[in-house]
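All values below come from the heavy atoms of this structure, side chains included, with hydrogens, waters and symmetry mates left out. Predicted model, so just to flag it, every value in this text is computed and none were measured.
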Amino acid sequence: MSILTLNADLHSHSTISDGVLTPAALAERAKANGVDVWALTDHDEVSGIAAARAAAHELDMGFISGVEISITWAGKTIHIVGLNIDENNPDLIAGLAKTRSGRERRAQDMAADLASKVGITGSFEGSLKYVGNPDLISRSHFARYLVEIGAAPSVSDVFKLYLAEGKPGYVPHRWATLAEAVSWIRGAGGAAVVAHPGRYDLSPLAFDSFFREFKEYGGIAIETVTGSHTVDQYDEYTKIANQYGFLVSRGSDFHSPEDAEVDIGKLPLLPKFSKPVWENWLSA
């Protein structure tokens, strides 16, 4: 098996953040779907990594410790994945705690906005049914509740009608800065990766500024083959990675069997002209 044909899924979420499977159950699903190397990358939280690592070891599956950090850049929310981190690094732990603070207040404001604009009441309490970690209540938890009450037929439809910028229930949150997120990841010995760049509404000029700033701070990779990208974007962002001298990463961004764009472990392989972020880790 070559580095490029390795089934590495380095972006997934458990009940520790906004996924629906425990770290152990997620490991089992990854193994059953043929994953060779797996990373748990919960939002702004690393407390599931020990259980995930133990489960992967029991299943004889490679494991990379990870996290996904929310940042605000030019008024937009962007996600930075940290891979191969030391989850016990004190500066990383403190930074993630800082980033998590304010989520509950934001969630209450989202519920108030839904009530006042479209008459959907009780969404904060309803969303809590789907929350494994109350510190990490998010739009995904609201989306599952809105599907439950029939406000939309699916999670993807929720984000077309609610919770997105300009829609009822949208409340911006001031996350970490790009410099902070990359610093925390690098300080914990990890690699900083831009998650699913095709999802962000940035102009080509803004993307150029962002990628250059990310590289200046020490970011080294971008996700190219991901559940959020189209088939055409796999090659597009691999070319962009090569243009800026970035390595590439691959991950399903799996949250739930019911609303997954792509199941964990079921992505196509990286394009042949890719330079994978995991090459040095695995060869070492």
Side-chain angles (χ1 to χ4, degrees), residues 6-70 79-97 99-100 130-138 140-141 181 184-185 187-193 195-196 221 223 225-228 249-267 276-278 281-282 284:
L6 194 76
N7 188 350
D9 196 312
L10 304 186
H11 189 161
S12 63
H13 300 275
S14 75
T15 50
I16 299 299
S17 63
D18 58 345
V20 302
L21 301 179
T22 65
L26 187 55
E28 291 175 359
R29 189 178 187 91
K31 180 67 174 181
N33 286 352
V35 171
D36 298 308
V37 179
W38 166 56
L40 178 66
T41 56
D42 277 317
H43 290 285
D44 307 315
E45 180 61 89
V46 292
S47 62
I49 289 179
R53 180 184 290 112
H57 179 75
E58 285 292 319
L59 295 164
D60 195 27
M61 178 173 60
F63 180 75
I64 300 292
S65 53
V67 67
E68 185 174 16
I69 303 176
S70 302
H79 293 160
I80 305 296
V81 168
L83 294 175
N84 208 28
I85 57 169
D86 170 10
E87 70 273 18
N88 298 309
N89 178 271
D91 290 336
L92 174 67
I93 291 171
L96 296 179
T99 302
R100 291 195 301 272
Y130 295 93
V131 177
N133 182 346
D135 288 341
L136 289 170
I137 187 169
S138 71
S140 296
H141 301 120
W184 298 335
I185 291 166
V193 182
H196 38 60
E223 287 182 350
V225 177
T226 166
S228 300
S249 190
R250 174 181 184 267
S252 57
D253 195 10
F254 180 84
H255 288 73
S256 163
E258 286 72 35
D259 55 40
E261 294 288 340
V262 178
D263 201 352
I264 190 168
K266 295 300 184 180
L267 285 166
V277 68
W278 59 80
W281 305 333
L282 301 185

In Å, rounded to the nearest 0.5 Å, how long is the span from [atom1] of [X] to [atom2] of [Y]?
| X | Y | atom1 | atom2 | value |
| --- | --- | --- | --- | --- |
| Arg250 | Asp9 | CZ | CG | 6.5 Å |
| Thr22 | Arg29 | OG1 | CZ | 12.0 Å |
| Asp263 | Ser12 | CG | OG | 11.0 Å |
| Thr99 | Ile69 | OG1 | CD1 | 6.5 Å |
| Lys266 | Ser252 | NZ | OG | 11.5 Å |
| Phe63 | Ile49 | CZ | CD1 | 5.5 Å |

Nearest heavy-atom pair of [X] and [Y]: which atoms, and what distance?
| X | Y | value |
| --- | --- | --- |
| Pro23 | Thr15 | CD-OG1, 4.1 Å |
| His141 | Ser138 | ND1-N, 3.0 Å |
| Ile16 | Ser47 | CG2-OG, 3.4 Å |
| Val277 | Ala221 | CG2-CB, 4.0 Å |
| Leu92 | Glu87 | CD2-CA, 4.4 Å |
| Val20 | Pro257 | CG2-CD, 3.6 Å |

Can you find a heavy atom in the side chain of [X] that is under 4.5 Å from one in the side chain of [Y]?
| X | Y | value |
| --- | --- | --- |
| Val35 | Met61 | yes |
| Phe254 | Leu26 | yes |
| Ser14 | Leu40 | yes |

Are the side chain of [X] and the backbone N or O of [Y] linked by a donor-acceptor pair below 3.5 Å?
| X | Y | answer |
| --- | --- | --- |
| Asp18 | Ser140 | no |
| Arg100 | Asp44 | yes |
| Asn7 | Gly265 | yes |
| Asn33 | Ile264 | yes |
| Asn89 | Gly187 | yes |

- request: Have a look at Val193 and tell me which of Ile80, Leu83, Leu10, Ile185 forms a side-chain contact (heavy atoms from CB on, under 4.5 Å) with it.
  value: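 Answer to the side-chain contact (heavy atoms from CB on, under 4.5 Å) test with Val193 among Ile80, Leu83, Leu10, Ile185: Leu83.
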- request: Assess whether side-chain contact (heavy atoms from CB on, under 4.5 Å) is satisfied between Ile64 and Trp278, documenting all intermediate values.
  value: CA-CA 9 Å; Ile64 300 292; Trp278 59 80; 5.9 Å; no
task: Just grab all the ring pair (Phe, Tyr, Trp, His ring centres under 6.0 Å) pairs involving residues 8-33, residues at least two apart or on different chains.
output: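 Residue pairs with at least one partner in residues 8-33: His11-His13, His11-His196, His13-His43, His13-His255.
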